[in-house]
A.B. asks: 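The structure's right below; bear with me while I get my questions together.
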Amino acid sequence: MASPIESTWLFKDNDDKPTNGEHTSASCGQSYLRFFRANVGVLLALLSGPIIAVANLCSKLASEVPPIQQGFLSTVPFFIAAVSLEVWRREQLVYRNIKQTSLLILQGTLAAAGTFANYTAVRYVRLGNYTTITKGVLTLTSTVGGAIFLGEPCGITLIIGAITNIIGVVLISRPSFLFHSTEEVGEALSTTILGKNIVGYVCAVAYAVCFSLMYITVRALGENVSLIAKLLYQGVIVIVLSLIVTFSTEKTVWSMSSDTAGYIVGMSCLSTVATYFLVTTCHIDFVGAAILLSVLDVVVAFILQTFVNGIEPEPLDYVGAVIIILGCSIITGKIAWDKRKMNDL
């Protein structure tokens, strides 16, 4: 799955000239630096998983704040960071090419719809069901979508990685529609709860599809459109649409306990970092591989529920965690090996 990394503002030499670390050098230190630069997308994708897990936990704990308002609040630091980067780098933001502009607007719109759906799904769907649906759909649509729309390779390594990750997610999450749960059956007897569950399931699928298409759009724009432009368009569109939807459909909550405020701040900052990491990864590397590697958030969520919520892990939890780590290791190793050969290290 070798993927040549195009020049971006992330990689500049001492003379401020772009470099991908593809030039041969006798220096061992320079060789390893080139190797790191080539695999920075993999590293960011792996780091995004644990960050997403903690952000989702904060969102769950701040349940008194309506879901769309949570989406708005989580976008505020994202927008501030995007504006700060633009002030620093002064990248081009307006493109004459109508296709590029249209894709930038599409990226932001998909991100907004996915953000709304995500925070709604987290609220109304049991964590196991939510995790299984979103990770399963996100993995499949990103891998298949990347192959169809972007011509990304979908070799045996990626297929094995996708299968192992999905199996691991199912074993850890143990959704009620696959594993019998008397609690879920009892809740379903209530018409109100059933209606919320249906809304939650629809939103979970919508979140996965929207974000998968958003990441594909980021990659489709290519590196001729700067990363900062992608981040800024996304931040502006999400924050404007979330404000409109929040004040149109929800009763906003601005007075909250110090604990809830802390969870909101944590959720906002962590979701900003995770989104930046994944958008950057899709900007410079394959979408399918990036999403597969981000599935590590399920393992971290499993650890969090053990230490934070005091839930005793079961044997299937350990098996699922090992399978996910194995799947991510296979994909990471294959990407690193291909890029090592590509750079003749």
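Counting from 1, the numbers follow the sequence of the chain as shown.
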A.B. asks: For the side chain of S242 and the backbone of I239, is there at least one donor-acceptor N/O pair under 3.5 Å apart?
C.D. replies: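 Yes: the side chain of S242 pairs with the backbone of I239.
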
A.B. asks: Dump the intermediate steps for side chain to side chain donor-acceptor pair (under 3.5 Å) on Q234 and Q107, then the final yes or no.
C.D. replies: CA-CA 6 Å; Q234 179 175 327; Q107 175 198 339; 2.8 Å; yes

A.B. asks: I need the S329 OG to L46 CG distance, nearest 0.5 Å.
C.D. replies: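 Between S329 OG and L46 CG, I get 8.5 Å after rounding to 0.5 Å.
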
A.B. asks: Report yes if some heavy atom in the side chain of L104 is under 4.5 Å from a heavy atom in the side chain of L221; otherwise report no.
C.D. replies: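 Side chain of L104 against side chain of L221, heavy atoms only: contact under 4.5 Å found.
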
A.B. asks: List the steps, then state whether side chain to side chain contact (heavy atoms under 4.5 Å, CB included) holds for I264 with Q70.
C.D. replies: CA-CA 7 Å; I264 289 293; Q70 283 193 8; 4.1 Å; yes

A.B. asks: Would you mind reporting whether Y95 and S226 have side-chain heavy atoms less than 4.5 Å apart?
C.D. replies: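 Yes, side chains in contact.
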
A.B. asks: State, with a plain yes or no, whether a side-chain heavy atom of F79 is found less than 4.5 Å away from one of V76.
C.D. replies: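 No, side chains not in contact.
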
A.B. asks: Do you know which two heavy atoms are closest between V94 and Y233, and how far apart they sit?
C.D. replies: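 For V94 and Y233, the tightest heavy-atom pair comes out as CA-OH, 4.3 Å.
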
A.B. asks: My understanding is that only one of L73, T115, T120 makes a side chain to side chain contact (heavy atoms under 4.5 Å, CB included) with I68; could you say which?
C.D. replies: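 Exactly one pass, corresponding to T120.
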
A.B. asks: Nearest 0.5 Å please: distance from the CD1 atom of I216 over to the CG atom of L106.
C.D. replies: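 That separation rounds to 10.5 Å.
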
A.B. asks: Does L138 share a hydrophobic cluster with L213, counting links as ILVMFWY side-chain heavy atoms below 4.5 Å and allowing steps through other members?
C.D. replies: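 Shared cluster, yes.
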
A.B. asks: Taking W254 as the starting point, is it possible to reach V265 by hopping between hydrophobic residues whose side chains are less than 4.5 Å apart?
C.D. replies: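 V265 and W254: separate clusters.
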
A.B. asks: Go through the steps for T260 and E64 under the test side chain to side chain donor-acceptor pair (under 3.5 Å), then give the verdict.
C.D. replies: CA-CA 8 Å; T260 299; E64 68 181 72; 3.0 Å; yes

A.B. asks: Quick one: list whatever passes ring pair (Phe, Tyr, Trp, His ring centres under 6.0 Å) with F78, sequence neighbours left out.
C.D. replies: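 Only Y276 meet the ring pair (Phe, Tyr, Trp, His ring centres under 6.0 Å) criterion with F78.
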
A.B. asks: Among residues at least two apart in sequence or on other chains, which ones pass ring pair (Phe, Tyr, Trp, His ring centres under 6.0 Å) with Y119?
C.D. replies: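 Testing Y119 for ring pair (Phe, Tyr, Trp, His ring centres under 6.0 Å), a comparison that skips the adjacent residues, returns none.
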
A.B. asks: Taking atom OG of S59 and atom CG of L270, what is their separation to the nearest 0.5 Å?
C.D. replies: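 Between atom OG of S59 and atom CG of L270 there are 11.5 Å.
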
A.B. asks: With distance as the sole test, does S271 use its side chain to make a donor-acceptor pair with the main-chain N or O of S268 at under 3.5 Å?
C.D. replies: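 Indeed, once roles are kept as given, a pair shorter than 3.5 Å links the two residues.
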
A.B. asks: Using 0.5 Å steps for rounding, measure from the OH atom of Y215 to the CG atom of L278.
C.D. replies: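 Result: 4.0 Å between the selected atoms.
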
A.B. asks: As a quick check of understanding, evaluate side chain to side chain contact (heavy atoms under 4.5 Å, CB included) for C328 and I324, giving each step before the final call.
C.D. replies: CA-CA 6 Å; C328 291; I324 290 176; 4.3 Å; yes

A.B. asks: What's the shortest heavy-atom distance between L110 and M214, and which atoms?
C.D. replies: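 Looks like CD1-N, 3.7 Å.
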
A.B. asks: With the 4.5 Å side-chain cut-off for hydrophobic clustering, are M267 and V253 part of the same group?
C.D. replies: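 M267 and V253: separate clusters.
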
